[in-house]
Amino acid sequence: MADFYDTLLPCQSPRVTVIGAGNVGRTLAQRIAEKNLADVVLLDIVGGLPQGIALDLMAAGGIEQHDSEIIGTNDYAMTAGSDIVVITAGLARKPGMSRDDLMAVNAKIVHEAARNSLKYSPDAIFLVITNPLDVMTYLTWKATDLPPQRVMGMAGVLDSSRLQTFIAMELGVSTADVQAMVLGGHGDLMLPLPRYCTVSGVPITELMDAATIERLVERTRDGGAEIVRLLQTGGAYYAPAASACLMVEAILRDRSRLLPAAAYLDGQYGLRDLYLGVPCRLGCRGIESILEVRLTDAEQQDLHVSAASVRENVKIAIDSLTVAGAR
Ligand SMILES: NC(=O)c1ccc[n+]([C@@H]2O[C@H](COP(=O)([O-])OP(=O)(O)OC[C@H]3O[C@@H](n4cnc5c(N)ncnc54)[C@H](O)[C@@H]3O)[C@@H](O)[C@H]2O)c1
Ligand SMILES: O=C(O)C[C@H](O)C(=O)O
């Protein structure tokens, strides 16, 4: 006999698909679940891998007190109806490699992942993590043909967080009191901006000499490679997953967070038709706006040098897809 409760409409939890169940993907899935942000679909090309990780994460639910459902799959149909698709699939670099060395292989993987995900989640916002980051984000935008506000890349949060950590370590203060900003492409030409780094509102230029600041800036630029050299088998994943989770939360909870993200530029900073790290306001519609902070002539020039390198690599990546017949 039907009763009152049968008339209730089904609830729809937010759903985040994470493509790639490797180090970054699985750690991100864990963070999203443990923060009770959304259900997670974890997809990988390797049979059994995402299913095993998902089951393991679900088994921690009672201890971590999360109610998220985590599904592991090799089938894109299972990702249907996702609010956010995060692309982490692809190769990670080994010692001695640059992120750009991953270009041709990852271009094909990311292009396919974007196309397949869009088929089942046409309303999703896409967050790209695979390297080389700015190039892969551009390819995702091209592959999906979505409004550019709905495609973005994660790197600036990570690079800024590294600089924040190094400043806190140097001064012996809590990271909670440090704000840092890194713009530009996610590579050796990234643009840490000491003028916009503060400790409880005090510019770091008041707290450290120029040589110390330069040392921390260099360590930030080398931050990913330093970990690759230490691990020997791949790259960082705890801080990258935490950074991506912050962006996912900003979108799902419509928090209007001002965070550096790889965003499509259409004249901002004097640049066009390019994804590059700039300060963005993130909310439920994706990149709600781009903040144009004032740069000195030297900073503006450095940003354009970083942009030129990304632009060059976009051309190489698109050519590699054309040769492979993927476009
Ligand atoms: N943007 C950033 O700041 C940042 C930070 C960390 C890592 N990364 C990049 O993220 C990527 C992943 O890093 P990781 O450490 O997780 O690597 P990983 O090797 O641990 O995981 C990659 C996963 O992708 C899967 N995969 C490969 N091809 C696939 C396909 N066609 N479809 C679905 N899955 C596929 C692999 O099976 C593997 O499980 C790398 O390119 C790395 O350089 C970027
Ligand atoms: O350095 C890498 O290869 C991974 C990532 O881009 C990072 O900065 O940690």
Side-chain angles (χ1 to χ4, degrees), residues 17-30 41-54 72-76 78-79 85-117 127-137 139-140 152-163 165 182 184-188 190 219-247 259-262 275 277 310 317 324 326:
T17 281
V18 179
I19 312 290
N23 284 332
V24 176
R26 67 180 66 171
T27 312
L28 176 60
Q30 178 185 4
V41 182
L42 193 56
L43 183 144
D44 201 282
I45 200 168
V46 178
L49 177 76
Q51 292 86 346
I53 302 285
T73 185
N74 310 111
D75 178 2
Y76 275 90
M78 296 290 287
T79 69
V85 172
V86 186
I87 300 181
T88 79
L91 298 189
R93 62 176 162 157
K94 300 263 163 42
M97 292 172 78
S98 86
R99 296 175 181 94
D100 294 343
D101 294 335
L102 306 168
M103 190 112 63
V105 178
N106 284 355
K108 197 160 172 291
I109 293 172
V110 166
H111 180 84
E112 276 173 22
R115 283 267 167 96
N116 288 332
S117 303
L127 174 59
V128 181
I129 298 185
T130 306
N131 273 320
L133 187 273
D134 309 87
V135 179
M136 294 303 131
T137 309
L139 292 188
T140 299
M152 69 191 81
M154 184 292 291
V157 173
L158 171 65
D159 296 326
S160 303
S161 173
R162 283 185 175 139
L163 181 54
T165 303
V182 180
H186 183 54
D188 298 341
M190 70 177 72
R219 192 170 181 193
T220 301
R221 286 206 180 99
D222 188 52
E226 184 176 357
I227 292 180
V228 169
R229 286 193 298 273
L230 288 166
L231 296 181
Q232 291 285 312
T233 52
Y237 49 99
Y238 289 117
S243 305
C245 191
L246 188 74
M247 295 175 75
L259 300 170
Y275 270 86
V310 171

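Residue numbers count from 1 along this sequence. Small disclaimer: the values here were computed from a predicted structure and weren't measured. Both ligands and their constituent atoms are indexed starting at 1 by order of listing.
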Going by the order shown, which atoms of ligand 2 are within less than 4.0 Å of some heavy atom of A236? 9 (O)
Among the heavy atoms of G90, does any lie under 4.0 Å from an atom of ligand 1? yes
Does V128 come within less than 4.0 angstrom of ligand 1, counting non-hydrogen atoms of the residue? no
Tell me: protein heavy atom nearest [atom], and distance?
atom: atom 11 (C) of ligand 1; value: T88 O, 3.4 Å
atom: atom 13 (O) of ligand 1; value: V24 CG2, 3.8 Å
atom: atom 42 (C) of ligand 1; value: N131 ND2, 3.8 Å
atom: atom 40 (C) of ligand 1; value: L91 O, 3.1 Å

Please determine if H186 has a nitrogen or oxygen closer than 3.5 Å to a nitrogen or oxygen of ligand 2. yes
Proximity to ligand 2 by part of [X], non-hydrogen separation under 4.0 Å:
X: N131; answer: side chain
X: R162; answer: side chain
X: L158; answer: side chain

Pairs of nitrogen or oxygen atoms closer than 3.5 Å, one from [X] and one from ligand 1: do any exist?
X: H186; answer: yes
X: D44; answer: yes
X: Y76; answer: no

Side-chain polar contacts of residues 41-54 - donor-acceptor pairs under 3.5 angstrom, sequence neighbours left out - could you list them?
unit_1: D44; atom_1: OD1; unit_2: V46; atom_2: N; d: 3.0
unit_1: D44; atom_1: OD2; unit_2: A21; atom_2: N; d: 2.7
unit_1: Q51; atom_1: OE1; unit_2: G48; atom_2: N; d: 3.1
unit_1: Q51; atom_1: NE2; unit_2: N74; atom_2: OD1; d: 2.9

